[in-house]
Each structure stands twice: as C-alpha cells, then as structure tokens.
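Per chain, numbering begins at 1; letters A, B, ... match sequence-line order. The figures here come from the full heavy-atom set of this structure, side chains too, leaving out hydrogens, waters and symmetry mates. Everything quoted here is computed from the prediction, not taken from an experiment.
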There are 2 protein chains.
Amino acid sequence: MTGTERTDTRQAIMEATYRALCEHGYAALTMQDIADELDKSKSLLHYHFDTKEDLLVAFIEFLLEEFEEKRAENAEAPPEKRLEEFVDWFVFAPEEDDRTAFHIALLELRSQAPYTEAYREQLARSDRLVRETIVEIVEAGIESGEFRSDVDPESIARLVFATMDGARIRQATLAEAGYAAAVRDALYEYVLDDIVSAE
Amino acid sequence: MTGTERTDTRQAIMEATYRALCEHGYAALTMQDIADELDKSKSLLHYHFDTKEDLLVAFIEFLLEEFEEKRAENAEAPPEKRLEEFVDWFVFAPEEDDRTAFHIALLELRSQAPYTEAYREQLARSDRLVRETIVEIVEAGIESGEFRSDVDPESIARLVFATMDGARIRQATLAEAGYAAAVRDALYEYVLDDIVSAE
DNA sequence: GGTCATTGACTGACTAGTCAGTCAGTTTCG
DNA sequence: CGAAACTGACTGACTAGTCAGTCAATGACC
C-alpha cells in the first residue's frame, strides 16, 4: 500500500499545483503557494521533488497523461464531429474563468521553454501528440470519403493547430472574450468547410 | 537642448532595454541588466522611470512607434506584394538569432499582460494596428480586383494574424526551425492563394 | 504480546541570495 | 550659481532550498 500512498501524495501535489497555477499564474508561483493549496508544508514538496523545476516538469507530464486519456475516449466518433470537438476544445471557456486562468499560466510556462530544456522536451511531446491527433482525424475523414482527398493531413494539422493556438493566446493576453471564437469561425469559413464538404 | 537630451537618453535606454531583453529574456531581466547595456548606473533608470513597469510600458510604446513608421513606408506597394511581405515579416529570422531571442522575450512579456493592465492596453493597441494593416491590404486588393471580392477583410485579418502569431510562438517555444515557414506555406495553399487568384 | 529499530512522511526554523527601489550626495553644464 | 543628470551604498521584501528533528506506522525479535 505504501506505493499507492506515495502516488496519492504526488497526485495531490499535482492537483494543488494546478490550483496554485490558476490562482497565481506561473511567474508569480512560489513553492509556498503550492504548499498552501496542498495544506502541507513547503518542505514536503522538496521531499518529493528536488527542485521547483522538477516539480513542474512532472506537472507537465501529468497534463500530458490526462490529454492522452481524453484523446483515447472519443477516438471512435465520426471525423467531422471529432474535428469540431477538437477545435472547440481550444475555444473552450467562453467565460469559464478557471480554464482561462489555467491557459494563461500555461502560456507563461511555455514562454520559459526556450530557457529550460526539460520544459521544451515535454512541450515538444505535446506538440507531436496534438498534431498526430489532428492528422488521424483528417486521414480518417479522407478514408471515409467525408473529407476532400487532395489535402495533406500534416499541413492541415499544422495550420489548424497554429491558428487555434494563436487565437487562444491572443484572446487570453488581450482579455478579449470573442477573439478565439471569431478566429474559429473564420477558420471554418475559409479552410475547414472546403475540406469537409464532399468533393 | 535639455528636451532633446532627455529624449536622447530615453532613446538610449530603450535601445539598451532591447539588447538586454534579447540577452536575458523578460523573466530574468533586471534593472541592472539594462543599466549594464546602457553603461550607466541602475539609479539613472529610476531617475527617468519611476518603476520597472513604467520603463517597460514605455518600451512597448517605443516598439509601436517603430512599427507605425515601418508600416507607413511600404503602404504604396501592390496589395499582393504587401500581403506577402507582411506574412514573411512574421516568419523572419530563419536563423537570425537576435530577432528570435527578441520575439521570445516579447512572448514572455505578453504572457504577463493578463496581470498588468498597462501592458494589456499597449498590446491591444498593437493588435488593432496590425489587424487594421491587414484589413487595409485586403480591402485594397479587393478594390483593385486582385483579390476575390466575396471575402470579409476583418475575418481574413483575424485568421492570418492568429495563424502567423501561433506559428511563430510554436516555433520559438519548441525551438523548431521550420515551423513558422511550414505554417505560412499551408496558409498560402489553403487560404491566401484562393483569395489572391482572380475570381 | 511487548519492546525496540527502522523508515517514510512531514515540519519549522534557518540560510543565502536576489532585486526593485531609495536616498544622500557628486558631477556636469548652461 | 542652480538645476538636471547621474552615482554608490544601502534596505527591505521575498523565495528556493537546507537541515535537524518529530511522529506514526511497520516489522523484527524474544
């Protein structure tokens, strides 16, 4: 049972980190903030993770595992619906504050990736994972005849991902509510509708 | 001359800030770093700007003025060329390190905008400015018959801007050289070529 | 069954370092 | 001279990481 308990504590630390990030953001995040959310001492965090960086790398890994689970869930839906769900996943949080705060914190963290190789590696993994997900959806759509067959799934994946990522970032940093949704609509109008419509 | 000198010193501070940002990034930037680049004392910075935040707000303003100048320069070129130049401006720095480092620092700064209203205001101004620039290009293209007339310039501007911004951010944070150029190519293939080609 | 050793989880007090901002003064220059 | 530009020494607030030690649970041994 000790093994489980150790995992429990680490799980609790990850969840406390999530809450602390939402509340304070990444730049202002202190080990004390996480400890407060956990209702344990700061020393405990250092007992489980040598450094703050180690803890946060573990946190990104934790997020990736969650994404992988979610991805497996709706892998069986029809491509058009999967694509729509995926795109909407970005626009999410019309006013769901928690999620917006979290995305902002994640952007702050991402902005440190150029200086921290461990972050960069995890984020590169996440980039591959998301792009592969889109590629799979597009390939499935082409195979089933729902999508036009003369498009390159890799190119589309890159385009869709960059666009929605940029839209979400601009919305978050400008605090302008409708930004991401407006870009999503433009993405559909000028790109995705053409691809989805039968040839 | 005092007025000019004051401007001179402030100009020098802005340039030193630019260099310091490139070298250290935003998160790690200290007033001392800027003072070192300026070859003056840290106290002098506080003589001209009350706080670090004030200095950086002035720096964003300085950048905006530079962009406005540059924008005015090639306002007379044909729309297709202006659009291409604009998009390429994002992709810039295939390996021009200075510029990449600067964009990373700017991303770090942008990631603090949700917490700092003064940053947010300046960035909102910059967003409007860039989008208006694209809108103007597209409108000019429609008027001259070079672009398709059934597109909404505002939508296109939003789409192009979000896409290229996202691409540049992903390239910078993942340290993957070809990312932005690949997205640019996809953007042309699936969006811009359709718009530019005569109807 | 009771005592003793061991271990993992956890804490509080501490250190060492960083950095924005202050202030009392000096230099420069018109 | 007088004002603006500029400096160096200093402070106070803050924070990651350390360390000696507490406590409860587990297990070993007689």
**Study point:** Rounded distance in Å - CG (A/L55) to P (D/dG17)
**Key:** 10 Å
Exercise for review: Please work out which residues in residues 106-119 of chain B have a non-hydrogen atom less than 4.0 Å from an atom of DNA chain C and list them by number.
Suggested key: none
**Study point:** All side chain to side chain donor-acceptor pair (under 3.5 Å) counterparts of A/E132, not counting sequence neighbours
**Key:** none
Exercise for review: Sugar-phosphate atoms are those with a prime plus P, OP1 and OP2; base atoms are the rest. Using that split, label each nucleotide of nucleotides 11-16 of chain D B, S or - for protein heavy atoms under 4.0 Å, 5' to 3'.
Suggested key: ----SB
Point to revise | Length of the line joining B/F49:CZ and D/dC6:P, which is rounded to integer Å | key: 12 Å
Review point. Side chain to side chain contact (heavy atoms under 4.5 Å, CB included) with A/Y115: which residues, sequence neighbours excluded?
Key: A/Q112, B/I104, B/E108
Study note, to complete from the structure: Residues pairing under side-chain hydrogen bond (donor to acceptor under 3.5 Å, both in side chains) where one sits in residues 77-86 of chain B, two or more places apart or in two chains, turn out to be B/N74-B/E85
Point to revise | Proximal nucleotide (of D/dC6, C/dC10, C/dT22) relative to the B/H48 side chain | key: D/dC6
Point to revise | Test side chain to side chain contact (heavy atoms under 4.5 Å, CB included) applied to A/L106 - qualifying residues, sequence neighbours left out | key: A/L63, A/F102
Review point. How long is the line joining CD of B/E53 and C1' of C/dG21, in whole Å?
Key: 14 Å
Practice item. To the nearest Å, give me how far apart CZ (A/R10) and P (C/dA9) are. Key: 11 Å
Practice item. List in chain and number order the residues that pass side chain to side chain donor-acceptor pair (under 3.5 Å) with A/R158, two or more places apart in sequence or in another chain; answer none if no residue qualifies. Key: none
Review point. Can you name the residues that form a side chain to side chain contact (heavy atoms under 4.5 Å, CB included) with A/A157, not counting sequence neighbours?
Key: A/R131, A/I134, A/V135
Revision key, fill the gap. note: A/L44, atom CG; D/dC19, atom P; distance rounded to Å ~ 18 Å
Check your understanding: OG1/A/T173 to CG/B/D165 distance, rounded to the nearest 0.5 angstrom?
Key -> 7.5 Å
Review point. Once you build an axis from the first five pairs and another from the last five of the helix from C/dG1-D/dC30 to C/dG30-D/dC1, how far apart in angle are they, to 10 degrees?
Key: 10°
Point to revise | Interatomic distance where CG belongs to A/L56 and P belongs to D/dG17 [whole Å] | key: 10 Å
**Study point:** Rounded interatomic separation in angstrom, taking CG from B/D33 and P from C/dC19
**Key:** 8 Å
Review point. To the nearest Å, how far apart are A/Y47 OH and D/dG21 C1'?
Key: 14 Å
Exercise for review: Provide the full list of ring pair (Phe, Tyr, Trp, His ring centres under 6.0 Å) pairs with a residue in residues 161-192 of chain A, sequence neighbours left out, each pair given once.
Suggested key: A/F90-A/F161
Review point. Got a donor-acceptor contact below 3.5 angstrom from the B/Q171 side chain to the B/A180 backbone?
Key: yes
Check your understanding: Of all residues at least two apart in sequence or in a different chain, which pass the salt bridge (Lys or Arg N to Asp or Glu O under 4.0 Å) check with B/D50?
Key -> none
Using a 3.5 Å cut-off and no angle test, enumerate the donor-acceptor pairs between side-chain atoms of residues 21-32 of chain B and protein atoms at least two apart in sequence or in another chain.
residue: B/Y26; atom: OH; partner: B/Y119; partner atom: OH; Å: 3.1
residue: B/T30; atom: OG1; partner: B/Q32; partner atom: N; Å: 3.3
residue: B/T30; atom: OG1; partner: B/D33; partner atom: N; Å: 3.0
residue: B/T30; atom: OG1; partner: B/D33; partner atom: OD1; Å: 3.4
residue: B/T30; atom: OG1; partner: B/D33; partner atom: OD2; Å: 3.2
residue: B/Q32; atom: NE2; partner: B/D36; partner atom: OD1; Å: 2.9

